[in-house]
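Below is one structure; the comments refer to it alone.
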2 protein chains.
Amino acid sequence: MSAYTIGKVAREAGVAIDTVRYYERRALLPPPARRLSGYREYAAEDVRRLRFIRRAKALGFALEDIRALLDLSADHERGVRGLHARAQARLADVEARITQLQKMRRGLRRLVDACPGSGTLDHCPILAALDGKDQP
Amino acid sequence: MSAYTIGKVAREAGVAIDTVRYYERRALLPPPARRLSGYREYAAEDVRRLRFIRRAKALGFALEDIRALLDLSADHERGVRGLHARAQARLADVEARITQLQKMRRGLRRLVDACPGSGTLDHCPILAALDGKDQP
DNA sequence: CTTGACTCTGGACCATGCTCCAGGGTTTAG
DNA sequence: CTAAACCCTGGAGCATGGTCCAGAGTCAAG
């Protein structure tokens with residue numbers, strides 16, 4: 001069992017040292033073992049966990065969500081079901097965003113194409129792109 | 001021209017009153033007309049603008065980005081030169097966001113599809129999928 | 001052994017995007 | 001006319017997700 005210092009585990013996982021301690025405070029990482037000196041000691045498992053957190057963050061999960069994901073991953077009763085549901089919810093959200101952004105892209109494209117120089121269209125296609133009745 | 005009070009415009013757009021004033025400070029909304037009493041007076045256009053802001057925010061745009069988009073549309077309406085280039089820059093930004101979200105979608109789909117939603121954690125690939133060597 | 005790199009704690013600080021408050025004045029329904 | 005509902009300003013406070021710091025102790029290479 002190679003043991004990592006906080007600096008090592010941070011480098012391996014690609015995050016800042018302060019971030020590691022911050023995640024510990026936020027309970028995304030369990031309180032690590034300590035040397036007699038008080039130095040934190042991490043294991044390879046923690047590197048994996050940190051990478052998991054980083055990737056989940058990149059997928060748009062909030063830290064609280066990620067904590068929930070990690071908790072579920074340790075829960076043999078409801079773990080799998082919960083993970084599946086949460087990933088699906090996140091997926092639905094991402095798909096909705098893509099749809100909206102595509103609308104905005106159409107609006108911007110029209111703007112770019114339609115006014116090579118100047119000339120006024122009465123209605124701006126950008127605002128119109130996201131127009132619509134109200135239940136976002 | 002029906003005029004809206006700040007409370008009305010906020011309700012119509014689905015945001016808080018304080019948020020409207022905050023957006024004014026951040027120049028996402030132009031300084032509105034005032035009554036003699038000092039009360040702000042808004043028009044239907046402002047409701048539209050606020051809704052746009054809300055939706056753009058839901059898409060993950062920062063307020064600064066949204067301000068840029070709004071400036072673009074305002075400049076469009078008054079035929080300002082240089083619009084074309086800026087619109088193209090915004091378009092590139094939106095396209096980058098779409099690409100990024102599509103990546104997320106692929107990642108999430110892999111998780112959702114691969115996970116049966118039942119069974120034991122050892123068979124749930126979500127954790128495994130978020131694991132792995134490092135090149136995010 | 002010394003020196004430079006590393007780690008500890010607790011708390012301050014940052015940017016973003018609100019949200020709330022006090023202590024006023026204004027509007028409007030009845 | 002009056003009470004309830006609304007609006008004003010300026011500034012403080014909050015949640016998120018970190019980031020930085022001082023002042024002190026620890027570790028490892030040479």
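Since the model is a prediction, treat every value here as computed from it, not as a measurement. Lettering follows sequence order; numbering is per chain, from 1.
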message: Using the side-chain heavy atoms of I6(A), tell me which of these nucleotides is nearest: dT19(D), dT27(C), dT7(C).
response: dT7(C)
statement: Checking dT19(C), dT9(C), dG18(D) against the side chain of L63(A) (C-beta onward), the nearest is dG18(D)
Could you state the atom-to-atom distance from [atom1] of [X] to [atom2] of [N] in whole Å?
{"X": "R35(B)", "N": "dT28(C)", "atom1": "CZ", "atom2": "C1'", "value": "10 Å"}
{"X": "I17(B)", "N": "dC6(D)", "atom1": "CD1", "atom2": "P", "value": "8 Å"}
{"X": "K57(A)", "N": "dT16(D)", "atom1": "NZ", "atom2": "P", "value": "15 Å"}
{"X": "R67(B)", "N": "dG17(C)", "atom1": "CZ", "atom2": "P", "value": "12 Å"}
{"X": "K8(B)", "N": "dT27(C)", "atom1": "NZ", "atom2": "P", "value": "15 Å"}
{"X": "D65(A)", "N": "dG17(D)", "atom1": "CG", "atom2": "C1'", "value": "14 Å"}
{"X": "E41(B)", "N": "dC8(D)", "atom1": "CD", "atom2": "P", "value": "11 Å"}
{"X": "Y39(A)", "N": "dC27(D)", "atom1": "OH", "atom2": "P", "value": "6 Å"}

Under 4.0 Å between a side-chain N or O of [X] and OP1 or OP2 of [N]?
{"X": "R40(B)", "N": "dC7(D)", "result": "no"}
{"X": "S37(A)", "N": "dC8(C)", "result": "no"}
{"X": "R34(B)", "N": "dT9(D)", "result": "yes"}
{"X": "R25(A)", "N": "dT19(D)", "result": "no"}
{"X": "T5(A)", "N": "dT7(C)", "result": "yes"}

- prompt: Run the salt bridge (Lys or Arg N to Asp or Glu O under 4.0 Å) check on R109(B) and E95(A) step by step: do they pass?
  reply: CA-CA 10 Å; R109(B) 270 198 184 140; E95(A) 288 183 329; 2.6 Å; yes
task: Would you indicate what R21(B) reaches in the nucleic acid, counting non-hydrogen atoms under 4.0 angstrom: base, sugar-phosphate, or nothing?
output: base
Distance (rounded to the nearest 0.5 Å) between L101(B) CG and R97(B) CZ: 8.5 Å
field: Rounded distance [0.5 Å steps], CG in D93(B) versus CZ in R90(B)
entry: 5.0 Å
query: Which residue, Y22(A) or L36(A), contacts DNA chain D at a nucleotide closer to its 5' end, judged by nearest heavy atom?
result: Y22(A)
field: Residue met sooner reading DNA chain C from 5', once D18(B) and A62(B) are mapped to nucleotides
entry: A62(B)
message: Using a 3.5 Å distance criterion without hydrogens, assess whether the side chain of R51(B) forms a donor-acceptor pair with backbone atoms of E12(B).
response: yes
task: Find out whether the Lys NZ or Arg CZ of R86(A) is both under 6.0 angstrom from the six-membered ring centre of F61(A) and within 45° of the ring's axis.
output: no
